[in-house]
Amino acid sequence: MDTRLWMSVLLCFATALMLFVLFLSYRKRHLQVARTMVYMMAAASCYALGYAFEILSVTLDGVKLSLQFEYLGIPFVSAFWLLMVIQFTGLAAPYRKWLALLLFLIPSITFLLHLTNEWHHLVYAGYFPNPDDTVPLYNTLKGPWYAVHGVYNYTILLLGILLFIPMYIRALPIVRKQIVLLILGAAAPMLFNIGYMFNTIIDFTPLGFAVSGVVYAWGIFRFGLLRLTPLAYAKMFDTVRDGVVLLDYENQIVNHNRAAEEVFPELVQTKSFPAFGKDILATSPELLQRISTVGFQDERFAFQRLLGDRHMYYICSLTYIYDTGTTPIGKMLMFSDITELKENEERLREKSQQLSQLNAFKDKLFTVMAHDIRDPIALLVSLTELLGEEPTDTDIASAEVFQEIRRQIRATFQLVDNLLDWYRSQNGEVAFRPQAWNLQQVIRQALSLAGARAGMKNIQISEQIDERLTVNADKEMLDLIFRNLLSNAIKYTDIDGKIELSASIEHNEVTVSISDNGSGIDEETARLLRHDELFFKEPGFASGEDGSEMRFGLVLTREFLRMHGGNLRFESSAGQGTTFQFTLPGDVSSRVESDSEETVVKAYEGHLN
């Protein structure tokens, strides 16, 4: 076969191989690296096909025309290869556009100079026939710019290899294989071109691109070349302790870490990657469905599976991986093991059930307290009140003991009564039926009940309430509020002390004040009251009394006032007294009566000396 013919066939075969790689790369054109490979293979194809036409040309004009076609690719192949290296390694991402402009400056000048070579002969100084009438028919005499372009090409290739070296050292095994393939693809044309430098008759450089095409095609099919850049691998494996599975845009599992093998033991059994996720994750159809959804939105979802005899629970994060554009190049699936948290949650649920049972027992206990404890204490209170009316002068010691017993029984009864009221309020069993009540009448009723206790300490209680004031409140709750506040004031007011009650109205809100000149509230009790403690044990007041009673009364007062839309506040000074104030919705009735005089209620009760 004629030499020109078989060389042309080889060059056309090389062109076909490079166009095949171009087609494979075009299918992945959403990747920047793949797009650059498309341009590089297109330039190399122009070089090989143009050289085939040059060999077949029998005239000088045909040779020159073929060279013009060759130079559509010759100046740009090396530049595209270095650009692909930069993209693959992820270097200088913010300055990549400027690098591209600089990178293609000399190739563009070379193309323009060859296009206008007949004017200046900087690329080719001349053409002369081959004396042996062999391939090619015409040889070229190289101009000065040809040497510049040659140096540029070798510099570009050397720089690309140097960029690959540090990445190869720290790369994963699969990335190392891709780096070797890219270097081999560039080395083949370079080696053929070096041979042409020593034998300037026949240029076999285009055939070197045929070798590159074979290498790149093999890399695409065998090692997943152009599927994901090393940046994606670095993002996945840098300091990740959770299970990670990396998928490409075709939902093939490209790689995974060891933690992922604990989630999916099927990964260990897979011999080679990439492998289709639908085969490995076949036991988890719900997970496959989420992976296959095309929404380009990151999401988190719960995932569980049975491993051995234990249910494993995970929080999955599906993250789309981007190169430098807006189209995703793959997906990263992360599995965070929350099995221990779920098991703790189950234990907490069991504890909650136990607490519910204890709460039910507590309800029964309060029911027993309401019927089997309160009623006997109420009977004891009545009996001691009857006995207290008997003269006790004959036995002073016994009378003092009896008075202490009566006081303790009354306090216990009040504690149980408050405790039951508090329980009913917490369970929502207290009916709230607000109505309009005359404030003066309600207060005087409360004073009549508290007068006996005040009389025992010779305490003077005065009230100055406008008889036209009305409050909108629940009567039972209102009685409890006054009973507790008056009881508290009497308890901590010394003998011959004073308690004053007053009220004012502003903007349909009645403010009631109950003041005493007693011992005042100590700092600890004041702190507990201001912090809305549900209940607390009385630590003692400034008088130095042994405080050991549960303060349910003030707690109930505060809760009932809140149900009315009001609030409880106080001011206290040690040794000077305490003032409690609270607000209730109210009004001034239209009924006009004579101005009420200050009513002083004095209650005295004899006591033994």
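The residues of the chain are indexed from 1 along the displayed sequence.
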Intermediate values then yes/no, side-chain contact (heavy atoms from CB on, under 4.5 Å), Tyr152 and Ile109: CA-CA 12 Å; Tyr152 171 79; Ile109 294 174; over 6 Å; no
Worked check of ring pair (Phe, Tyr, Trp, His ring centres under 6.0 Å) between Tyr313 and Phe303: CA-CA 6 Å; Tyr313 299 89; Phe303 171 70; 10.0 Å; no
Stepwise side-chain contact (heavy atoms from CB on, under 4.5 Å) test for Asn153 and His149: CA-CA 6 Å; Asn153 282 337; His149 182 250; 3.0 Å; yes
side-chain contact (heavy atoms from CB on, under 4.5 Å) assessment of Leu103 paired with Leu82: CA-CA 8 Å; Leu103 194 59; Leu82 182 59; 3.3 Å; yes
Chi angles and distances behind the side-chain contact (heavy atoms from CB on, under 4.5 Å) call for Glu343, Arg310: CA-CA 11 Å; Glu343 292 173 349; Arg310 187 184 184 189; 3.1 Å; yes
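Side-chain contact between Arg569 and Thr511 is present, with heavy atoms from C-beta onward closer than 4.5 Å. At a threshold of 4.5 Å between non-hydrogen side-chain atoms, the residues Asp279 and Phe276 count as touching. Side-chain contact between Leu333 and Val244 is absent, with no heavy atoms from C-beta onward closer than 4.5 Å. Under the 4.5 Å side-chain criterion, counting only non-hydrogen atoms from C-beta, Met40 is not in contact with Leu22. When side chains are defined from C-beta on, Thr339 does not count as touching His311, because their heavy atoms never get closer than 4.5 Å. Using a 4.5 Å heavy-atom cutoff, the side chains of Leu307 and Pro265 are in contact. Side-chain contact check for Val245 versus Leu247: some heavy-atom pair is nearer than 4.5 Å. Side-chain atoms of Tyr127 and Leu67, non-hydrogen and from C-beta on, do get closer than 4.5 Å to each other.
A salt bridge is defined here as a Lys NZ or Arg NE, NH1 or NH2 lying under 4.0 Å from an Asp or Glu carboxylate O, and Glu266 with Arg305 meets this definition. A salt bridge is absent between Glu54 and Lys64; no separation between the charged side-chain nitrogens and carboxylate oxygens falls under 4.0 Å. Salt-bridge formation is detected for the pair Glu346/Arg349: a Lys NZ or Arg NE/NH1/NH2 atom is positioned less than 4.0 Å from an Asp or Glu carboxylate oxygen.
More than 12 heavy atoms of other residues, nucleotides or ligands sit less than 6.0 Å from atom CD of Gln68. The number of heavy atoms from other shown groups lying within 6.0 Å of CD (Gln289) does not exceed 12. In this structure, His120 places its NE2 atom where more than 12 heavy-atom neighbours from other residues, nucleotides or ligands lie under 6.0 Å away. Annotation: Tyr39, atom OH; neighbour count of heavy atoms from other residues, nucleotides and ligands within 6.0 Å does not exceed 12. The local environment of CZ in Phe301 is crowded, with over 12 non-hydrogen atoms from other residues, nucleotides or ligands closer than 6.0 Å. Shown here is Glu299, whose CD atom has more than 12 heavy atoms of other residues, nucleotides or ligands within 6.0 Å. Other residues, nucleotides and ligands contribute over 12 non-hydrogen atoms within 6.0 Å of the CZ atom of Phe69.
Formation of a donor-acceptor pair under 3.5 Å by the Thr116 side chain with backbone atoms of Trp119 is not found in this model. Checking side-chain atoms of Asp248 against main-chain N and O of Gly330 turns up no donor-acceptor pair under 3.5 Å. A donor-acceptor pair under 3.5 Å links the side-chain atoms of Thr155 to the main chain of Val151, judged by distance alone. Here the side chain of Asp337 pairs no donor or acceptor atom with the backbone of Tyr314 at under 3.5 angstrom. In this structure a side-chain-to-backbone donor-acceptor pair under 3.5 Å is missing from Lys142 to Ala125.
For Tyr47 and Tyr71, the ring centers sit 6.0 Å or farther from each other. When ring centroids are compared, Phe335 and Phe264 come within the 6.0 Å threshold.
Here the straight-line distance linking atom CD1 of Ile315 with atom CG of Asp242 works out to 11.0 Å at 0.5 Å rounding. Atom CG of residue Asn344 and atom NZ of residue Lys342 lie 11.5 Å apart, to the nearest 0.5 angstrom. In this structure, CG on Leu83 lies 11.5 Å from CE on Met37, to the nearest 0.5 angstrom. The CG atom of Leu65 sits 7.5 Å away from the OG atom of Ser57 when rounded to the nearest 0.5 Å. With rounding to the nearest 0.5 Å, the separation of OH in Tyr26 from CZ in Arg35 is 11.0 Å. Of the inter-residue distances, the one linking Trp145 atom CH2 with Leu112 atom CG reads 10.5 Å to the nearest 0.5 angstrom.
Residues Ser66 and Gly50 approach most closely at CB-O, 3.5 Å, considering heavy atoms. Pairing each heavy atom of Ala52 with each of Ser8, the nearest pair is O-OG, 3.7 Å. Taking each heavy atom of Ala260 and Leu267 in turn, the nearest pair found is O-CD1, 3.7 Å. Of all non-hydrogen atoms in Leu288 and Leu281, the two that sit nearest each other are CD1-O, 3.3 Å. The shortest non-hydrogen separation linking Phe104 to Ala79 is CE2-CB, 3.6 Å. A pairwise comparison of heavy atoms in Leu318 and Ile291 identifies CD2-CA, 4.4 Å as the closest pair.
With no hydrogens or angles considered, no side-chain donor-acceptor pair links His114 and Thr110 at under 3.5 Å. Residues Thr319 and Asp298 bring no donor and acceptor atom of their side chains to less than 3.5 Å of each other.
Taking the ring pair (Phe, Tyr, Trp, His ring centres under 6.0 Å) definition, one finds that Phe23 meets it with nothing, sequence neighbours left out.
Between Met41 and the choices Leu19, Val21, Leu24, Leu17, the side chain to side chain contact (heavy atoms under 4.5 Å, CB included) rule is met once, by Val21.
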